[in-house]
There are 2 protein chains.
Amino acid sequence: MFSKTAEYAIRATIFIAQKSDPDHKIGIEEISKAIDSPASFTAKILQMLTRGQELISSVRGPNGGFFMTAEARKLPLLRVLELVGEDGVLKKCVLGLKECSEEKPCPLHHRYRKLKPELARMFEEMQIGQLAGELDAGATFVGNKGRGAGKRPMPGGSKATR
Amino acid sequence: MFSKTAEYAIRATIFIAQKSDPDHKIGIEEISKAIDSPASFTAKILQMLTRGQELISSVRGPNGGFFMTAEARKLPLLRVLELVGEDGVLKKCVLGLKECSEEKPCPLHHRYRKLKPELARMFEEMQIGQLAGELDAGATFVGNKGRGAGKRPMPGGSKATR
DNA sequence: TAAATAAAAGACAAAAATATCTTTAATTAT
DNA sequence: ATAATTAAAGATATTTTTGTCTTTTATTTA
């Protein structure tokens, strides 16, 4: 379904949404360990996601790292796919035809007509913050190393300004 | 969604289902032109699909080429994906996690729970022959070059034996 | 100001996917 | 039998994706 790039991008974003806030940033090592991805490669991907500091924010130097604002948490998961250039999955023809429409449908078109918008809606409507919340509610990325104790002050509470 | 390999495999299969029968075989050149794919690469892919002559059949030499039996036309489209080793899309975790289940769900699990089976069912229930039929009913692969005249005797009628 | 820290940026490497070309084997027609 | 035709098989080439390593830049702390 998705490339490694997109997978890591989504996983990293959700993890950052869950574990960070403007005064508790996370380093690339911690992120890549938690989401089970190669560190330097993930760093590259995060560069795509920090462009414009719209989705993920970052600061360099001591106590630096990656974090998300409360604003950013409201963005749809689709934004992640867009930033890594993989939103095509949700828009293009399943069979990869350049031309595929109601007038000129590919053989799968009519049967996929219902599903495709549902899939797209899923990524449009799911807010990153919601997904991060569900992670708290039991969903995990890899092995449950480092959970249980880490009761952090729940991001996106009230003080958020940006 | 799918790799080029899978896309070409599906397109070629549907095309062969539509245009061939045991005594009218199609060559790789015609196929690759019709489905807009590189010929030699498509040939390689067809080798995967002819293993065991279960899905696509082939014979060499003059008047040889690729074709499908009436039996084969009843197979689900899923079979194509299986033969090129890409049925994972329908089965594995959207985020690529090794472990992802009801007990240990990834962040997208609960929201994708409905859609995934529907997608899978689509490929399980769609018979290749049906798709080939829809092609006649207006669906196309590429530009409409070579349509209109080619009224061929509608395969899978009655004489099929194997 | 100097040293330490951490991401950004760039160059490079390995692996996988995509694509092409050549040779071989099977089949048919002459 | 020979030549012609067509897919199968194998080898090779190209491109893209994935992954690593090094250098630079920004930031903080001492």
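Note on naming: letters A, B, ... go to the chains in the order of the sequence lines (proteins, then strands), and numbering restarts at 1 for each one.
Of the side-chain N and O atoms in A:T50, none sit less than 4.0 angstrom from OP1 or OP2 of C:dA7. Within the structure, every side-chain polar atom (N or O) of A:Y8 is placed at least 4.0 Å from both OP1 and OP2 of D:dT18. Put simply, A:N63 has a side-chain N or O that comes within less than 4.0 Å of OP1 or OP2 on D:dT29.
With hydrogens and angles left out, the side-chain atoms of A:E102 and A:H110 include no donor and acceptor closer than 3.5 Å. Between the side chains of A:T42 and A:S37, at least one donor N or O sits under 3.5 Å from an acceptor N or O.
Among the protein residues, B:S58 comes within range of the sugar-phosphate backbone only, with heavy atoms under 4.0 Å from sugar or phosphate atoms but none that close to a base. If you check every strand for non-hydrogen atoms under 4.0 Å, B:I28 touches sugar and phosphate atoms only. Residue contacts shown for B:K44 include a base, since a base heavy atom lies under 4.0 Å away. Counting any heavy atom pair closer than 4.0 Å across all strands shown, A:I26 reaches sugar-phosphate atoms only and no base atom.
Between the P atom of C:dA8 and the CZ atom of A:R51 lies a distance of 9 Å, rounded to the nearest Å. For the pair B:E29 CD and D:dT6 P, the interatomic distance rounds to 10 Å; values are reported in whole Å. In this structure, CG of A:L46 is placed 8 Å from P of C:dA8, rounded to the nearest angstrom. In this structure, B:Q53 places its CD atom 10 Å from P of C:dT27, rounding to the nearest Å. The separation between B:F41 atom CZ and D:dT16 atom P is 13 Å, rounded to whole Å. Rounded to whole Å, atom P of C:dA26 lies 14 Å from atom CD of B:Q47. Straight-line distance from the CZ atom of B:F67 to the C1' atom of D:dA7: 12 Å, rounded to whole Å. Nucleotide D:dT24 holds its P atom 13 Å from the CZ atom of A:R60, rounded to whole Å.
Atoms SG and CE, from B:C93 and A:M1 in turn, are 11.5 Å apart once rounded to the nearest 0.5 Å.
When distances run from any side-chain atom of A:K4 to the nucleotides C:dA19, D:dG19, C:dT18, the shortest one goes to D:dG19. Here D:dG19 is the nucleotide among D:dA8, D:dG19, C:dT28 with the atom lying nearest to any side-chain atom of A:P38. Closest to the B:S3 side chain, of the nucleotides D:dA11, C:dA19, C:dT18, is C:dT18.
A salt bridge is absent between B:R79 and B:D87; no separation between the charged side-chain nitrogens and carboxylate oxygens falls under 4.0 Å.
The six-membered or imidazole ring of A:Y112 lies away from that of B:F2, with a centre-to-centre distance of 6.0 Å or more.
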